[in-house]
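Right, one structure below, let's go through it.
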Amino acid sequence: MNNNEIKNICCIGAGYVGGPTMAVIADRCPDIQVTVVDLNEARIQAWNEKDLRKLPVYEPGLDQVVKRARGRNLHYSTEVDAAIAAADMVFISVNTPTKNKGIGAGKASDLRWVEACSRQVAKCARGHTIVVEKSTLPVRTAEVIKSILSSAQSEGTNQGPHKSFEVLSNPEFLAEGTAINDLENPDRILIGGESEIAVEALASIYGQWVPSERILRTNLWSSELSKLTANAFLAQRISSINSVAALCEVTGADVREVAKAIGSDSRIGTKFLRSGPGFGGSCFKKDILNLVYLCRHFGLPEVADYWENVVTLNNWQQERIARLVVQTLYGTIAGKKIAILGFAFKANTNDTRESPAISIIYNLLEEGAKLAIFDPKVKKEQIEASLGIMEETQLDPLQSKNINSISFEGKWESKNNIVEALEGADAVLILTEWEEFAEICWEKLAPLMRKPAWVFDARAISNVQAIKDAGLNIWRVGDGAEQ
Ligand code: UDX
Ligand code: ADP
């Protein structure tokens, strides 16, 4: 089989992974028809929006890619069955959150959506279909998919036409905020599978724009495990630098100087050494917890504990920042107004999943603060939903308290811009590194605040001197000199 035989791709799941990934494949492979399907009608409608600013995923450069391919060979639809039937290759790109009930709760991934998709593919596919797992999945999920599909495999009887399947693992390494560049210039493409023909069919699609030496072929399980461990290694660096940041703050060192010094060692490298409010996003925590579950399952408790600590440290960093705000504001924030700048888990995305802002905000609300929240890409409803989701969570396994049991004294409001958020505030807490927060003219805005006022910069993006010159106090993560 060569690439010419893949004429029709269906991607199930039009989210942060499926949406941008398929847009780039369609853009780069004009001869392949790509249909992205989702059960969520509103989401599909948003992908079909004429006004490209209303796409459901905010991602720099995505609008231009969608503009080039949509309607030509890129389609967004809710007709899941028809798109599966027409496809030679089906990507499964649905959500796989951590289970919150039952066996493995708090650690294992909830595979119900993957299972539902596999059943649907088994039912609707025609002829030979290559099924590609694209979601972040626990190791050996391909086996689950294969076993569901094999029950539908047939030689072609009067019960229905011939069907056969191959399963590949093709993990996504894009980071939100830089997804288009990551997809167009990936460090590597990983394809795991048993059938060389199927692996090569997928490799030749990526081969349209990715240099061949960057396309790695592995067995299924190596591919699945590589995704989990790549994310675990990245997250581990963040927890490591955040632990060092706390030490810097009490010793007078500056974590940025330390990060630069250690990152200059080519064996360590410069990336993922930015100290901040802890990592968020849909992948890191989930993948590490998956790894922890897997290690415990296979009788490796020490290895499980080792990785679990990366998440524990991350939670601690978020709690530490909330605690520090309270302590600095004379031990009580009840009734005080605090402006929260940033709700997304990082800049250049509207995604708020596992954002450190959520738990920090919870802690501040618990202390009775009045919060004025502003994020340039996150709307009020989404903030509401994210804070609500946290309330629904039964018990965060790595946090000591039951979030359900908290009754808040505090209140929050969503604001439309920085000025509104800062009006009358006793403190500002910067939680996402949006450029407009780095560019705040403190001289102009400081008079809006109630004195003595504080800036807590958990992303270390602001100009310390300008803040001091404006008569404000400053705390910057990992900065001993400023304490
Ligand atoms: C991550 C992986 O990078 C990507 O390969 C995988 O496919 C999905 O998970 P993503 O979660 O989108 O991507 O963003 P990433 O840039 O990795 O950032 C994750 C979190 O770490 C963010 O909250 C970010 O603010 C934080 N971070 C990142 C730091 O605190 N410091 C750093 O130096 C880098
Ligand atoms: P990710 O970040 O992994 O892309 P998202 O939650 O952003 O995760 O997207 C996953 C999408 O998959 C959601 O839009 C959801 O509606 C969709 N989805 C889940 N199950 C199915 C299914 N069985 N059929 C079609 N779409 C599904």
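Whatever order the structure lists ligands and atoms in, that order sets their numbers, starting from 1.
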Which of the numbered atoms in ligand 1 are below 4.0 angstrom from a heavy atom of F173?
-> 4 (C), 5 (O), 7 (O)

In terms of the angle between their ring planes, are W434 and Y58 parallel, tilted or perpendicular, with boundaries placed at 30° and 60°?
-> tilted

Nearest option to atom 9 (O) of ligand 2, as decided by whichever heavy atom of P20, G19, G15 sits closest = G15

Starting from atom 11 (C) of ligand 2, locate the nearest protein heavy atom and write down its residue, its atom name and how far away it is, to 0.1 Å.
-> D38 OD2, 3.5 Å

Ligand-side contact atoms (ligand 1) for residue partner C283, heavy atom cut-off under 4.0 Å | 8 (C), 9 (O)

Short question: side chain of R237, backbone of K271 - any donor-acceptor pair under 3.5 Å?
-> yes

Can E133 and K227 be counted as an ion pair, charged N to O under 4.0 angstrom?
-> no

Polar atom proximity, L234 to ligand 1 (N or O, under 3.5 Å) | no

Distance under 6.0 Å and angle within 45° of the ring axis: does R70 meet both against Y76?
-> no

For ligand 1, note which part of L273 has a heavy atom under 4.0 Å away: side chain, backbone, both or neither.
-> backbone

Note: ligand 1 atoms sitting under 4.0 Å from heavy atoms of R459 are 25 (O)

Would you give the length of the straight line joining atom OH of Y206 to atom CZ of R28, rounded to the nearest 0.5 angstrom?
-> 13.0 Å

Side-chain donor/acceptor of E172 to backbone N/O of V17, under 3.5 Å = no

Polar atom proximity, G281 to ligand 1 (N or O, under 3.5 Å) | no

Taking the six-membered ring of F91, is the NZ or CZ of K134 close enough (under 6.0 Å from the centre) and on axis enough (within 45°)?
-> no

Taking only heavy atoms of C117, which atoms of ligand 2 are found under 4.0 Å from at least one of them?
-> 22 (C), 23 (N)

Taking non-hydrogen atoms only, is E172 closer than 4.0 angstrom to ligand 1 via side chain, backbone, both or neither?
-> backbone

Per-atom contacts, ligand 1 versus K227 - under 4.0 Å to a heavy atom = 6 (C), 7 (O)

What residue and heavy atom of the protein are closest to atom 13 (C) of ligand 2, and at what distance?
-> R43 NH1, 3.2 Å

Numbering the atoms of ligand 2 from 1, which are under 4.0 Å from a heavy atom of I12?
-> 24 (N), 25 (C), 26 (N)

Side-chain contact, heavy-atom cut-off 4.5 Å: I84 with Q120?
-> yes

How about R214 and I189: do any of their side-chain heavy atoms sit closer than 4.5 Å?
-> no

Checking heavy atoms under 4.0 Å, the part of L174 that sits near ligand 1 is backbone

For atom 19 (C) of ligand 2, which protein heavy atom lies nearest, and how many Å away is it?
-> N95 OD1, 3.3 Å

Just which atoms of ligand 1 are under 4.0 Å from any heavy atom in K346?
-> 14 (O), 15 (P), 16 (O), 25 (O)

What atoms in ligand 2 come closer than 4.0 Å to a heavy atom of R353?
-> 1 (P), 2 (O), 5 (P), 6 (O), 7 (O), 8 (O)

Work out whether the distance between some heavy atom of E354 and some atom of ligand 1 is less than 4.0 Å.
-> no

Any N or O on E433 sitting closer than 3.5 Å to an N or O of ligand 1?
-> no

Numbered in order shown, the ligand 1 atoms found under 4.0 Å of a heavy atom of F279 are 20 (C), 21 (O), 23 (O)

Do any nitrogen or oxygen atoms of G280 lie less than 3.5 angstrom from nitrogen or oxygen atoms of ligand 1?
-> yes

Restricting to heavy atoms, the pick from V17, N40, L39, V37 nearest atom 22 (C) of ligand 2 would be L39

How many angstroms lie between atom CG of L371 and atom CD1 of I340, to the nearest 0.5 angstrom?
-> 5.0 Å

Among non-hydrogen protein atoms, atom 27 (C) of ligand 2 lies closest to V94 CG1, 3.7 Å

Do any nitrogen or oxygen atoms of W113 lie less than 3.5 angstrom from nitrogen or oxygen atoms of ligand 2?
-> no

Do S282 and ligand 1 have an N or O pair less than 3.5 Å apart?
-> no

